[in-house]
Protein chains: 2
Amino acid sequence: MAVTINKIADLCGVSRGTVDRVLNNRGRVKKETEIRIREIANQLGYTPNMAGKQLAIRKKALTIGLILIAEGNAFFDDVIRGVQSAEKELQDYGVTVQIKTMKGYNVYRQLQLIDEIKDKVDALIINPISVPAIATKIDELVEDGLCVITVNTDIENSKRLCYIGSNYTRCGQTACGVLGLLTGGRAHIGILTGSNKVLGHNERIKGFKEVCKKKYPDFKIVGYGETEDDDIKAFEVTNKLLSEHPEMDAIFVVAAGVYGVCRAVLSFGREHEITIISCDSIPTTIEMMKQGVIKATICQQPFIQGNKSVHTAFNYLVSGEVPENKQFIVQSEIKIVENL
Amino acid sequence: MAVTINKIADLCGVSRGTVDRVLNNRGRVKKETEIRIREIANQLGYTPNMAGKQLAIRKKALTIGLILIAEGNAFFDDVIRGVQSAEKELQDYGVTVQIKTMKGYNVYRQLQLIDEIKDKVDALIINPISVPAIATKIDELVEDGLCVITVNTDIENSKRLCYIGSNYTRCGQTACGVLGLLTGGRAHIGILTGSNKVLGHNERIKGFKEVCKKKYPDFKIVGYGETEDDDIKAFEVTNKLLSEHPEMDAIFVVAAGVYGVCRAVLSFGREHEITIISCDSIPTTIEMMKQGVIKATICQQPFIQGNKSVHTAFNYLVSGEVPENKQFIVQSEIKIVENL
DNA sequence: TTGTATGCGTTATCAT
DNA sequence: ATGATAACGCATACAA
């Protein structure tokens, strides 16, 4: 039978209350008894019982807040689905989530949203803009006792509890690996990123180039473009790239704007000559895969990102459980039309 | 606030005990009160509280038994890791798992193991041999009130609670899709299956051929071999195939014996000319991928298969929760060396 | 500084 | 057929 707080109390000849105070660092207990209790607890390998905790804590309704740069970005639809699924799974324990979305990389707006939400929630899950101002803000929140988790994008040198999301470098490496296999290691590549101000996009390109260098000496990157995560902009810039580089026979779409890129390739009638690899799988991307325009896409388990971040926040709030790893990295999944 | 059994009792003017008897079909309650209670419960949308259930049920130690055809099959190592992880996650609730392993497709042996374990467990998770004798046995167990879940291999027309595992057809389709992309849709393919008596292997081949037919008219399947899931046998039969079909430039390894196949290809010095696609990722397969001998492998989330099956059994035992789908199908994951 | 009582939602065992 | 009561493990308010 598992060891409970009661058993420890018996063994130490004190009351449950005292053991509780020690094990949850509530103070107000004599040093020497504290030491004794801790010793016995460790020795017996005490682990708090979740069901008990959850039942007792039920009186307090927990609110978990989310700030996501989700507007106009279909990728986040699945993240939100994961969040909502977690809310449902945790409804027994009185958990409510509150999602605030924003559009684009407006630091001021994100700070504003943080201030709006911070006093209403027990934990904050944020898809942060990776700039010092946000990092500082996160640290402030944590100092004030709020539980903060970064999702999808990390700010490593901040005091957040943990990061849940992908390894962008890995995604880029995988993309290059796939492209290498599809082209036999010989291609003239156009890279269409979202913005060269976004860390994640740059890391994907970095990973891509690493593999290029190590394994595919005959890969030539012939041009770059920025889609600004917008299909129209993507369409224009891809058109330009295709005109300037008729030798281009492969495209890596690093971020959003995938559909715009595809439409440009289609407008040149070159969809059969150009191997397109993209990231993530939103409906328009899936449609393009079904039409054979996109050959493969590298996904980052958005549902799990949303779901796991809520569960992690909840576990921390309920039992002070700190994740064993500061980063929970989702898989870089290769999807083709057959395994969508 | 969520609706509890207590609230229902109040509203109906009865005691919790009565409500409990009704909602858990324990009988011994007057028809008309039963109807009234059910009505109110439905109306209020009562959902049992997990934490409460789990605390109360804790007195009974639950045992979940597993029968896996795991010996000599490294694929199952990850399944078992998933099972053990689930055991740890559920230890708070007094769950113990008991794993029995066997080697090869010996129906009599499997029946024997079932008889050994059936009276000692509250649920049985089985990786069944797909023959009528086992199906009948499963039905008997279920009739006797045991909870039975099939894992990794299903027996669809049986009374098992549900199946947790892959869609083998899908795996084969994915393999063909990948091969199509890697070869430009033109290849002379050798197929090395485990045994043509194993349903899953045949389904993979079926899926592979489907995509061949639909998308890749220039794929020619030039030969078949059976590895009997054994590396030595695989080595021999692949050697034979390579001798008889020098035009062969692609291999789909359907089941185990992957390493033997690779060694044969290496012994012919043809590892650069032959595109090998395999299934699953055991250590020797990973090694061959790193050496570039295998280009891609299609995986079926073994850890999740093990983990999820235990959790599903637990949920059923604790709350009678029947899975919403009779089949929980894991993803067919494409793995290359970059995203292993 | 410590102990006790009460309650969270459910199940199980009595007693009626 | 039904109700009352005691667990299960933990948190907390209150008493000492």
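Chain letters run A, B, ... following the sequence lines, proteins first and then strands; every chain starts at 1. Hydrogens, waters and symmetry mates play no part in the numbers below; they use all other heavy atoms, side chains included. Bear in mind the structure is a predicted one, so any value in this text is a computation, not a measurement.
- Residue A:I8 contributes atom CD1, which lies 12 Å from atom P of D:dA11 at whole-angstrom precision.
- Mapping B:A51 and B:G17 onto DNA chain C by nearest heavy atom places B:A51 at the nucleotide closer to the 5' end.
- Electrostatic pairing of A:R160 and A:D139 does not count as a salt bridge here, judged by no charged N lying under 4.0 Å from a carboxylate O.
- Across all strands shown, B:N6 has heavy atoms under 4.0 Å from base atoms, whether or not it also approaches the sugar-phosphate.
- Side-chain polar atoms of A:E140 and A:T136 form no donor-acceptor pair below 3.5 angstrom.
- B:Q110 places a side-chain N or O within donor-acceptor distance of the main-chain N or O of B:I129, the cut-off being under 3.5 Å.
- As a whole-Å value, the separation of B:I5 CD1 from D:dC8 P is 19 Å.
- The side chain of A:R28 lies closest to C:dT2, out of D:dA1, C:dT2, C:dT10.
- Rounded to an integer number of Å, the gap from CZ of B:R26 to P of D:dT2 is 15 Å.
- B:M50 places its CE atom 12 Å from the C1' atom of C:dT10, with the value rounded to the nearest Å.
- With the nearest nucleotide of DNA chain C identified for both B:K53 and A:R16, A:R16 has the one nearer the 5' end.
- Geometrically, A:K308 engages A:F328 in a cation-pi contact, judged by NZ or CZ lying under 6.0 Å from the ring centre and within 45° of the ring axis.
- Checked by atom type, the side-chain pair B:R81/B:Q84 shows no donor-acceptor distance below 3.5 Å.
- In this structure, A:Q54 atom CD and C:dG7 atom C1' are separated by 16 Å, rounded to whole Å.
- A donor N or O paired with an acceptor N or O is not found under 3.5 Å between the base of C:dT1 and the side-chain atoms of A:R21.
- With 3.5 Å as the limit, one finds a donor-acceptor pair spanning the side chains of B:Q300 and B:Q305.
- Regarding contacts with the backbone of D:dA4, every side-chain N or O of B:S15 stays at 4.0 angstrom or more from both OP1 and OP2.
- Across all strands shown, B:I57 has no heavy atoms under 4.0 Å from either base or sugar-phosphate atoms.
- D:dA11 atom C1' lies 13 Å from atom CG of B:L55, rounded to whole Å.
- For the pair A:K31 NZ and C:dT2 P, the computed distance is 11 Å after rounding to whole Å.
- Proximity note for B:T4 (side chain, C-beta onward) versus C:dT10, D:dC10, D:dA1: the nearest is C:dT10.
- OP1 or OP2 of C:dT2 sits under 4.0 Å from a side-chain N or O of A:T33.
- Nearest nucleotide to the side chain of B:V29, out of C:dT2, D:dG9, D:dT2: D:dT2.
- Of the side-chain N and O atoms in A:N24, one or more sit less than 4.0 angstrom from OP1 or OP2 of D:dA11.
- Using a 4.0 Å heavy-atom cutoff across all strands shown, B:G13 reaches sugar-phosphate atoms only and no base atom.
- When heavy atoms are screened at a 4.0 angstrom cut-off, A:D20 is found touching base atoms of the nucleic acid.
- Between A:N25 atom CG and D:dT12 atom P there is a gap of 13 Å when expressed in whole angstrom units.
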